[in-house]
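Structure record follows, encoded as structure tokens.
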Amino acid sequence: MAMAMAMNVSSACFCVSSNRRSVNRVRAVASEDFAASKIKEDKVQLGGSDLEVTRLGIGAWSWGDTSYWNNFEWDDMKMKAAKAAFDTSVDCGITFFDTAEVYGSRFSFGAINSETLLGRFIKDRKVKDPEVEVAVATKYAALPWRLGRQSVLTALKESLNRLGLSSVELYQLHWPGIWGNEGYIDGLGDAVEQGLVKAVGVSNYSESRLRAAYEKLKKRGIPLASNQVNYSLIYRAPEENGVKAACDELGVTLIAYSPIAQGVLTGKYTPENPPTGPRGQIYTPEFLTKLQPLLNSIKEIGQNYSKTPTQVVLNWLVAQENVVPIPGAKNAEQAEEFAGALGWRLTSDEINELRSLALEIKPVIGFPVEKL
Ligand SMILES: NC(=O)c1ccc[n+]([C@@H]2O[C@H](COP(=O)([O-])OP(=O)(O)OC[C@H]3O[C@@H](n4cnc5c(N)ncnc54)[C@H](OP(=O)(O)O)[C@@H]3O)[C@@H](O)[C@H]2O)c1
């Protein structure tokens, strides 16, 4: 079984990087080559903006992080694994990366900020592959002492410095502020007008905040491209609180974060083997016990397509339309598996069956900023 899964994963993309195992080339049959090359072309427009990104992006929160991920430690091995995750994603045609100024540890000794790492990975890649095009999304932290439109531009310029770039493709407000929100939206508009970003978005915005941000930018002729929210098969709040419907109505792309429920929907964590660290507080053995019937169905459905549970749950999100999932990859294997979530489609019956099984599970508590 483990061997079968490894084969599915390794054949998910036709890797071209010189350091990939050559056996991957043998395993990549013609139809998979086609699927992989299609991924490269299969981009979606982000909301009403001119920006096109791959149907699935990669989250870079764990890169350099010592506060939530990586068992509170960052070392050279983890950095090499993160770099391999980046390179493998690009090899597989996934070129949209999501980071934030608050990801990774700028202040702890020996650790490094996620933006800095992403910038280095891009720079190194460009040496080997000057034509490579990567779309970078980063975020502004709406901290209570940050006020006014200028604070957005100041933070953005600091992010660009860390990234080593003169502009980014997408700049997002990471969460709504307790106050100062009007100024933040003005700051996003200024960033577009100054050519520092191609598109702008928000994150953790409720339906009413989303509509207000959309209208305010529209007055300046700037489309709100995206709202990045927690969305997965077992966290369907955006379907219930009006956010998904409002995104669809306004033509704003929903970027789905924690799309594999922080690893729990991959099936690798069980009541006997729960995740360690802060995730263990959320995904307890009791929760994981209740999850098993859903995980069994996900696995069974995946077997019909020779797909892993991870690929099934990501495909389920893509099938909701107007959704771009951004799973976090810590290493090459995880990134490679994500690529296999694209290029095929669950049937509507399977999509509905999974939703109705998921309805049996009480959702975990989300990020409280969603309710600000
Ligand atoms: N806007 C916001 O407020 C916000 C909040 C959260 C996240 N985000 C963004 O969304 C991205 C993704 O969310 P997330 O990192 O919270 O959760 P996620 O994507 O649901 O889960 C990522 C974790 O799952 C595990 N994993 C990944 N691929 C796997 C595979 N193929 N097989 C088994 N396990 C696998 C890894 O951890 P282990 O290997 O340790 O299990 C990985 O760190 C973040 O990186 C960030 O860019 C944004």
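Indexing begins at 1, ligand by ligand and atom by atom, following the structure's order. Scope of the values below: all heavy atoms of this structure, side chains included, with no hydrogens, waters or symmetry mates.
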Ligand-side contact atoms (ligand 1) for residue partner [X], heavy atom cut-off under 4.0 Å:
{"X": "A60", "result": "45 (O), 47 (O)"}
{"X": "Y269", "result": "38 (P), 40 (O), 41 (O)"}
{"X": "K268", "result": "33 (C), 34 (N), 35 (C), 38 (P), 39 (O), 41 (O)"}
{"X": "G263", "result": "21 (O), 24 (O), 25 (C)"}
{"X": "G59", "result": "11 (C), 44 (C), 45 (O), 47 (O)"}
{"X": "E337", "result": "30 (C), 31 (N), 32 (N)"}
{"X": "D98", "result": "9 (C), 46 (C), 47 (O)"}
{"X": "I326", "result": "9 (C), 10 (O), 11 (C), 12 (C)"}

Would you please determine whether [X] falls within less than 4.0 Å of ligand 1 on a heavy-atom basis?
{"X": "W175", "answer": "no"}
{"X": "K139", "answer": "yes"}
{"X": "Q172", "answer": "no"}

Please report whether ligand 1 has a polar contact with [X], defined as an N or O pair separated by less than 3.5 Å (distance criterion only).
{"X": "Q228", "answer": "yes"}
{"X": "A261", "answer": "yes"}
{"X": "T99", "answer": "no"}
{"X": "G328", "answer": "yes"}
{"X": "A329", "answer": "no"}
{"X": "W69", "answer": "no"}

May I ask you to decide if the ring planes of F121 and F86 are parallel, tilted or perpendicular, using 30° and 60° as cut-offs?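 Tilted, since the angle between the ring planes falls between 30° and 60°.
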Relative to each other, are the rings of W63 and F97 parallel, tilted or perpendicular (30° and 60° limits)?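 Tilted.
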Classify the contact between [X] and ligand 1 as side chain, backbone, both or neither, using a heavy-atom distance cut-off of under 4.0 Å.
{"X": "S203", "result": "side chain"}
{"X": "N230", "result": "neither"}
{"X": "E370", "result": "neither"}
{"X": "T266", "result": "side chain"}

Starting at CG of L359, measure out to CG of L354 and round the result to the nearest 0.5 Å.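 Separation between the atoms: 11.0 Å.
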Kindly identify the option in [options] whose heavy atom sits closest to [atom].
{"atom": "atom 7 (C) of ligand 1", "options": "Y257, Y235, W63", "result": "Y257"}
{"atom": "atom 35 (C) of ligand 1", "options": "Q262, Q334, E336", "result": "Q334"}
{"atom": "atom 8 (N) of ligand 1", "options": "Y68, F338, W61, Y103", "result": "Y103"}

Are the aromatic rings of Y140 and Y184 close, with centres under 6.0 Å apart?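 Between Y184 and Y140, which both carry aromatic rings, the centre distance is below 6.0 Å.
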Is the distance between the ring centroids of Y68 and W61 less than 6.0 Å?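 So the answer is yes for these two rings.
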